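The next block holds one structure in the form of structure tokens; read it before the comments.
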Amino acid sequence: MPTEAGRESGRPDGRVGEWISVLKRVCGMPDYAGYQAHMAERHPGGAVLSEREFFDQQLNTRYGNGASRCC
């Protein structure tokens, strides 16, 4: 059963949220909620990027020198 916080944020939680997170990682999509959970667990008190900063960093990491192409 979803928690009140899950309903308020509009984000799925529980098993559905876990599967969505896994699918995002498999597809190479950045997972901001996963990043936040990692930071809270592994780096408590550390600076956390805003959602925009996080996605900008992910895009720069993946396509830093422009999109890779074979042709």
Side-chain angles (χ1 to χ4, degrees):
M1 171 176 262
T3 63
E4 289 298 319
R7 280 190 218 122
E8 290 174 11
S9 70
R11 294 189 174 147
D13 39 333
R15 279 200 184 282
V16 173
E18 289 174 26
W19 277 105
I20 289 173
S21 180
V22 168
L23 287 172
K24 282 183 173 184
R25 286 194 303 261
V26 168
C27 294
M29 295 174 62
D31 179 18
Y32 186 67
Y35 161 75
Q36 288 178 312
H38 168 81
M39 291 299 288
E41 181 181 328
R42 303 287 179 155
H43 310 283
V48 177
L49 298 174
S50 71
E51 192 167 7
R52 178 66 187 189
E53 292 169 330
F54 172 76
F55 282 104
D56 286 346
Q57 181 185 57
Q58 294 296 311
L59 287 173
N60 189 40
T61 299
R62 188 166 186 175
Y63 303 111
N65 295 327
S68 60
R69 295 175 35 171
C70 67
C71 305

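None of these values were measured; they are calculated from a predicted model.
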Practice task
Compare every heavy atom of Ala47 with every heavy atom of Met39, then report the nearest pair and how far apart it is.
Solution key: CE-O, 3.2 Å
Practice task
Identify the two heavy atoms, one from Cys27 and one from Arg62, that lie closest to each other, and give their separation to 0.1 Å.
Solution key: O-NH1, 4.4 Å
Practice task
Kindly indicate whether the side chain of Val48, heavy atoms from C-beta on, has any atom under 4.5 Å from the side chain of Tyr35.
Solution key: yes
Exercise for the section: Please write out which residues are connected to Trp19 in a hydrophobic cluster, directly or through intermediates, given that two of Ile, Leu, Val, Met, Phe, Trp, Tyr count as joined at side-chain heavy-atom separations below 4.5 angstrom. Expected result: none
Practice task
Can you sort out the partners of Arg52 under side chain to side chain contact (heavy atoms under 4.5 Å, CB included), two or more places apart, ordered by chain and number?
Solution key: Ser50, Asp56
Could you state the interatomic distance from [atom1] ([X]) to [atom2] ([Y]), rounded to the nearest 0.5 Å?
{"X": "Leu23", "Y": "Glu18", "atom1": "CG", "atom2": "CD", "result": "12.0 Å"}
{"X": "Met29", "Y": "Gln58", "atom1": "CE", "atom2": "CD", "result": "11.5 Å"}
{"X": "Phe54", "Y": "Leu59", "atom1": "CZ", "atom2": "CG", "result": "10.0 Å"}

